[in-house]
Number of protein chains: 2
Amino acid sequence: MGVRQIKAAETEAALKSAARQLFAEQGYLNTKITDITTTAGRATGSFYDHFASKEELLQALVADMNAHADATIAEEAHPEEHDLTDRAQLRAHIGTAWIVLRDHLPVAVALMQSAMTDNLAAGRGWRSLLEDTDLLRAHLEALAEKGHPLPGSPELVAAAMGAMLSMFGYALLTAGEFAPRVSEEEIVDMLTGLLLYGLTGPRPETGDEGDDAPAEAELKEPVAIG
Amino acid sequence: MGVRQIKAAETEAALKSAARQLFAEQGYLNTKITDITTTAGRATGSFYDHFASKEELLQALVADMNAHADATIAEEAHPEEHDLTDRAQLRAHIGTAWIVLRDHLPVAVALMQSAMTDNLAAGRGWRSLLEDTDLLRAHLEALAEKGHPLPGSPELVAAAMGAMLSMFGYALLTAGEFAPRVSEEEIVDMLTGLLLYGLTGPRPETGDEGDDAPAEAELKEPVAIG
DNA sequence: GTCTATAGAGTGATAGAC
DNA sequence: GTCTATCACTCTATAGAC
């Protein structure tokens with residue numbers, strides 16, 4: 001790799017880094033091309049030597065995120081069989097989704113803003129939600145086929161769960177100084193409890209093993225939103 | 001009221017109507033002032049005789065929506081005591097939230113897009129979520145004070161429920177032709193079941209009266225998101 | 001009150017020197 | 001590959017005639 005290519009790679013990395021920073025600070029839609037180049041310390045024209053548009057830059061960031069997520073998932077064995085009515089397994093899934101959202105907040109913010117505004121007539125919001133919860137839907141379908149009762153079709157239930165996780169996470173993680181002072185464990189516990197037992201609360205007679213505060217290590221298992 | 005004022009009122013109404021139509025069709029952020037005036041059949045300059053900006057127009061639409069919602073709420077007696085762990089009451093709340101969202105979709109879309117993009121650093125998304133779920137939080141707090149166990153603090157649980165309802169509703173109601181063919185009753189039932197019992201499902205031994213399909217009339221009680 | 005016409009600011013994207 | 005300079009376009013907002 002020649003010197004020119006090295007510098008080019010540096011510039012591209014600087015642009016990506018600046019974009020991530022700005023997307024998190026002021027959102028994807030509010031960020032202009034010139035904001036990115038200025039923050040990266042480059043000239044405006046240099047942007048177009050690397051990306052054709054802001055959308056293409058976002059796609060590159062998404063690819064990076066997916067690569068990172070896939071690599072992390074590959075590290076840990078993903079259990080073949082999932083039972084989302086088991087507290088530890090459900091919590092692991094929610095915890096992973098939370099961590100992915102948190103660690104890739106700039107890209108998550110950008111994707112969410114893009115999905116909610118771009119092509120509103122094309123139903124991109126709904127389709128994105130379905131795609132992002134497809135793994136979750138598969139798990140719920142397996143549950144249903146075993147005869148477990150669900151409150152609705154796996155597709156709809158998965159979408160509802162995904163909507164809660166993404167919107168709640170988006171709001172809380174972008175709250176900055178206005179965010180309540182609660183630990184991530186508390187948040188994941190709350191979401192797990194709500195999705196597992198609802199407002200009714202755990203059944204007293206089943207014992208409900210591991211109810212209160214499962215091991216913190218659970219938060220490490222990485223399985224996207226599914 | 002003179003002729004000029006009548007025509008002015010007509011123009012203002014036409015602008016509002018056009019704005020609602022366009023907000024639903026192409027979103028708030030994508031809608032330009034000129035789009036609104038063109039659709040309303042007026043000149044661009046006329047817009048500023050009625051509203052100082054697009055944001056002010058949105059505030060006027062929000063005021064209209066609140067007036068309508070308040071009037072509807074006043075019609076029906078709001079039970080003093082709420083027990084959200086009662087299926088009928090929880091379903092009534094969710095059904096009302098769904099109907100308000102559906103009937104005021106243009107304004108809801110605009111508010112959501114505005115909250116998610118404007119002042120991202122100021123945590124407007126989180127604060128809006130808290131405000132919109134304040135009544136719900138109060139109900140949950142009452143439950144907690146009676147000794148009922150909740151999966152987390154009333155504030156956080158209310159926010160999570162509100163996030164699910166608003167995001168799921170937003171995605172589904174803007175899905176257009178891509179929306180799954182399910183009735184509103186099915187959707188409200190699904191959300192009710194998920195929030196009441198979670199993925200575990202209803203407790204078999206309690207009997208769970210009125211489990212499957214509560215009366216359609218329940219959908220009429222109007223109580224915002226709370 | 002409503003219109004036409006236009007000023008003014010901001011942004012995306014490109015050309016050409018280095 | 002990166003820079004400077006600039007064009008072309010879009011949109012907001014205003015001025016002034018009617």
Side-chain angles (χ1 to χ4, degrees), chain A residues 1-23 25-61 106 109-110 113-114 117-121, chain B residues 1-23 25-61 106 109-110 113-114 117-121:
Chain A
M1 188 185 274
V3 173
R4 284 170 79 92
Q5 276 118 37
I6 291 179
K7 298 198 77 170
E10 284 175 359
T11 294
E12 186 168 316
L15 290 172
K16 283 182 178 176
S17 176
R20 272 190 289 261
Q21 174 190 335
L22 290 169
F23 289 172
E25 285 175 6
Q26 56 187 23
Y28 172 73
L29 298 172
N30 291 332
T31 299
K32 313 304 173 193
I33 306 268
T34 51
D35 296 337
I36 297 173
T37 52
T38 301
T39 301
R42 313 292 157 135
T44 304
S46 295
F47 180 90
Y48 297 94
D49 291 322
H50 298 274
F51 309 102
S53 64
K54 197 170 67 170
E55 294 80 48
E56 194 174 281
L57 166 60
L58 174 57
Q59 289 314 311
L61 293 179
V109 165
Q113 291 191 349
S114 177
T117 58
D118 186 52
N119 278 329
L120 189 119
Chain B
M1 188 186 273
V3 172
R4 285 170 79 91
Q5 275 117 38
I6 291 179
K7 297 197 78 169
E10 283 175 0
T11 294
E12 186 168 316
L15 290 172
K16 283 182 178 176
S17 177
R20 271 189 290 259
Q21 174 190 335
L22 290 169
F23 289 172
E25 284 176 8
Q26 56 187 22
Y28 172 73
L29 297 173
N30 291 332
T31 299
K32 313 304 172 193
I33 306 269
T34 52
D35 295 337
I36 298 173
T37 53
T38 300
T39 300
R42 314 290 156 138
T44 305
S46 296
F47 181 89
Y48 298 94
D49 290 323
H50 298 274
F51 308 101
S53 64
K54 197 170 67 168
E55 294 81 48
E56 194 175 281
L57 166 60
L58 175 56
Q59 289 314 311
L61 293 179
V109 165
Q113 291 191 349
S114 176
T117 58
D118 186 52
N119 278 329
L120 192 120

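Naming: A, B, ... by sequence-line order, numbering from 1 per chain.
Contact annotation: the side chain of B:Leu29 approaches that of A:Leu29 to within less than 4.5 Å [non-hydrogen atoms, C-beta and beyond]. Here the side chains of B:Thr39 and B:Leu22 are in contact, with some heavy-atom distance below 4.5 Å. Using a 4.5 Å heavy-atom cutoff, the side chains of B:Gln113 and A:Leu120 are in contact.
Put simply, CG on A:Asn30 is 14 Å from C1' on C:dG10, counting in whole angstrom units. Rounded to a whole Å, the CZ atom of A:Phe47 is 9 Å from the P atom of C:dA13. As rounded to whole Å, 15 Å separates atom C1' of C:dG12 from atom CD of A:Glu56. Look at OH on A:Tyr48: it is 7 Å from P on C:dT14, rounded to the nearest Å. Regarding B:Ile33, its CD1 atom lies at a distance of 17 Å from the P atom of C:dG10, rounded to whole Å. The interatomic distance linking A:Phe51 (CZ) with C:dT14 (C1') rounds to 18 Å, in whole Å.
Scanning DNA chain D 5' to 3' for nucleotides with an atom closer than 4.0 angstrom to a non-hydrogen atom of chain A gives a first and last hit of D:dG1 to D:dT4.
Contact detail for A:Phe51 and A:Ala60: the closest heavy-atom pair is CE2-CB, 4.0 Å.
With values rounded to the nearest 0.5 angstrom, A:Asn30 atom CG is found 6.0 Å from B:Thr117 atom OG1.
Among the heavy atoms of the strands lying under 4.0 Å from A:Ala43 is at least one base atom, whether or not backbone atoms are also near.
Among A:His50, A:Arg42, A:Lys16, the one residue that satisfies the side-chain hydrogen bond (donor to acceptor under 3.5 Å, both in side chains) test with A:Thr11 is A:Arg42.
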